[in-house]
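Notes for the one structure printed next.
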Amino acid sequence: MMRGDGWSSRIAHRRARRNVGITLVLVALLGVSPAALIRADEAAPAAAAVPITAADIKNVPVPSTDDLAKGDPGGTITGNAGDIVMADAKAGLTLNDVVSQIGQNRIAINFVWTLITGYLVMFMQAGFALVETGLCRAKNANHTMMMNFMVYGFGMFAYWVMGFALQQGGSAGVTNLGGLQALSNEFKISLFGKDWGLFGTQGFFLSGQTYDVGVMVMFLFQMVFMDTAATIVTGACAERWKFAAFAMSSMMLAAIWYPLYGNWAWGGGWLSQLGVNFKIGHGYCDFAGSGVVHAVGGLSALAAGMIIGPRIGKYNRDGSPNAMPGHDITMVLLGCFILAFGWFGFNPGSTLGASGAGNLRIGSIAVNTMIAGATGSFGAILYMWMRFGKPDASMSGNGLLAGLVAITAPSGFVNTVGAAILGFVAGALVCLSVEFIERVMKVDDPVGAISVHGTCGLWGVLSLGLFADGTSNYGGSWNGVDGSVTGLFYGDAGQFVCQLIGCCTLVGIIFTIAYLINWGINIFVGQRVSAEAELEGLDLPEMGALGYPEFQLVTTGTGRSVEVGG
Amino acid sequence: MKGLGLAMAVGGWVIAVAGLLVVDDTAVRMVLALAGFATAIAGVMTLNRGHLEDAPWKRGF
């Protein structure tokens, strides 16, 4: 078909419109670009800071006493310049007063945050007590409860005497709590051209220069963490642990091997300095203690459990295990909820502050904690349902705890997807570990403490080295290395190596120390009660009173007890 | 058996830390750290086997 004149005029018209468009674009670019550059140049200098003078401070209006006496239902005049503490009331309000108040407010916010979250962690002792007692037989209820009750006092005493000093004695520089400069002595050895911090030497009995407001806050917070580790062991050794041996072992944990690992990880010791010394990752990282608290507790429980041996009747001659169910599953699940609540103090509180240096990440940490706990229970319930056909209540509770244990180390460094995945893995892992420890290793653990805290604690340490996403910013550095903590999946394989070395230290050194000291206690004191006491139940022989005196408990000779209404 | 187990556990830690001292390559350090972790775990298992040799339930308890 031939094109006519109409077609040519349409093409010419289209070309004209195109040329106009190109011209307009060029004009726009030429016009805009220099203007943009000029605007960029104009935007570059920051607005000049307006200095505040002492005269400005003096002229700030303050509500009169008469105004305040009329009441302030809306809160519009309560809290004003008149509430700023003046160094010299006769001189009046000065710029120094205002600046000092800002600094003190930041530290006060951080003190209150750390203390209140510490109180939540203390309340976890009640959760542990309920979980462990519920998973034990009724004839041991008093004894199991008392171990969890007294570990608070025994552990705290030993930690006050020497544990805190060994752990934190050289940890000066915690800016969130005012610097803690009183904790300024770390014992180091020099090997292969590097300094290896081993333990602190300041803060015994919290005396001398460590009688300090900031140090007190730090002591309370660290103490409740230590007690969590100590109470873990009581679960694994329940129903046959001599009370005197428990007391000694708990005090040794609080005084010696928990603080050692705590120093290496949190007190400026050699593990935390791997990044500085060997240019690998940010050194060993452990935000709230999957390693320091839970793996130390779980591995100590494994060591003590090996030495003490299984309960009478737990294993047949051929090595096959017998189930010894606990006496109160409602107590167990209530205890799990209390622990989950307390974990809102455990993880978010480990920022040691809510003001400054990236501390607003506390919401993210709390959500990570919640999600990992939930997916942990999913992992466990799915495994049990598929494997045994029923959603087992006690393992579901242990799955929740497993997820919470696993998220503890990475909570400050991961996103919610990472938290969900690692929590789910922990839930399944705890079920596998319980079976392995019971059936293959044949170590009797009435409550699953070795699996929940030991196995999943190690998983938590490793998962930080995998899932840390590099978005956190706690003052621009961590463990003396600039930048954000980043795991293998986000580009830093070195961080995973640091976490592996932490795990090797836990298994190779801390487990060994715990084993040797508990072996010594066994030699000199004896860890285990007599067979007669164990079969009767520890309440009367060890504690002098039954946990349930209105019920006549009948033992069946195999270690199983049957309640008979009294 | 128990002494061997404890020695292996400590030895695993030595392997992992030695990796930091003798090489700079991250991949090699990771291999040594993994080997050290496996050795330490094997040490704990060996220690446990020592306990199982004279386990009370083998005697009917």
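Letters A, B, ... are given to chains in the order of the sequence lines, protein chains preceding strands, and every chain is numbered from 1.
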task: For atom CH2 of A/Trp519, decide whether the heavy atoms of other residues, nucleotides or ligands shown that lie under 6.0 angstrom number more than 12.
output: no
- line: Of A/Gly494, A/Gly193, A/Ala493, the largest count of non-hydrogen pairs under 4.5 angstrom with chain B goes to A/Ala493
- prompt: What orientation do A/His294 and A/His453 show, parallel under 30°, tilted 30 to 60°, or perpendicular over 60°?
  reply: parallel
query: Heavy-atom distance under 4.5 Å to chain A: side chain of B/Val17, backbone, both or neither?
result: side chain
query: Given that the side chain runs from C-beta out, which part of A/Asn277 has a heavy atom under 4.5 Å from chain B: side chain, backbone, both or neither?
result: neither
message: Which one wins on heavy-atom pair count under 4.5 Å against chain A: B/Thr26, B/Val14, B/Ile15?
response: B/Thr26
- request: Test side chain to side chain contact (heavy atoms under 4.5 Å, CB included) on A/Leu299 and A/Tyr261 and set out the steps.
  value: CA-CA 12 Å; A/Leu299 291 170; A/Tyr261 194 78; over 6 Å; no
- prompt: Looking at A/Leu422 and A/Pro410, what are the two nearest heavy atoms and their distance?
  reply: CD2-CG, 3.9 Å
field: Under 4.5 Å from a heavy atom of chain B, the part of A/Phe278 involved
entry: both
- line: Which of B/Val44, B/Asn48, B/Leu47 passes side chain to side chain contact (heavy atoms under 4.5 Å, CB included) with A/Leu302? Answer is B/Val44
message: Less than 4.5 Å to any heavy atom of chain A: does that hold for the side chain of B/Leu34, its backbone, both, or neither?
response: both
message: Applying salt bridge (Lys or Arg N to Asp or Glu O under 4.0 Å) as the test, list every pair that has at least one member in residues 11-27 of chain B; sequence neighbours left out.
response: B/Asp24-B/Arg29
- prompt: Of the backbone (N, CA, C, O) and the side chain (C-beta and beyond), which part of A/Leu506 lies under 4.5 Å from a heavy atom of chain B, both, or neither?
  reply: neither
message: Shorter than 4.5 Å, heavy atoms on both sides: which option in B/Ala55, B/Gly5, B/Ala40 has the most such pairs with chain A?
response: B/Ala40
- prompt: Relative to chain A, which segment of B/Leu20 carries a heavy atom at a distance below 4.5 Å: side chain, backbone, both, or neither?
  reply: both
Scan the side chains in residues 432-440 of chain A for donor-acceptor partners under 3.5 Å anywhere in the protein, sequence neighbours excluded, and list what turns up.
from, atom 1, to, atom 2, distance (Å)
A/Ser433, OG, A/Ser451, OG, 2.8
A/Ser433, OG, A/Thr455, OG1, 2.7
A/Glu435, OE1, A/Arg387, NH2, 2.6
A/Glu435, OE2, A/Tyr383, OH, 2.7
A/Glu435, OE2, A/Arg387, NE, 3.2
A/Glu438, OE2, A/Lys314, NZ, 2.7

- request: Check each atom of B/Leu32 against the heavy atoms of chain A and say whether the ones under 4.5 Å are side chain, backbone, both or neither.
  value: neither
Chain A contact via B/Met8 - side chain, backbone, both or neither, heavy atoms under 4.5 Å: neither
- prompt: Who among A/Gly309, A/Gly281, A/Cys503, A/Cys498 has the most heavy-atom pairs with chain B under 4.5 Å?
  reply: A/Cys503
task: Evaluate side chain to side chain contact (heavy atoms under 4.5 Å, CB included) for A/Glu534 paired with A/Glu239, printing each intermediate quantity in order.
output: CA-CA 7 Å; A/Glu534 185 176 337; A/Glu239 304 205 310; 5.9 Å; no
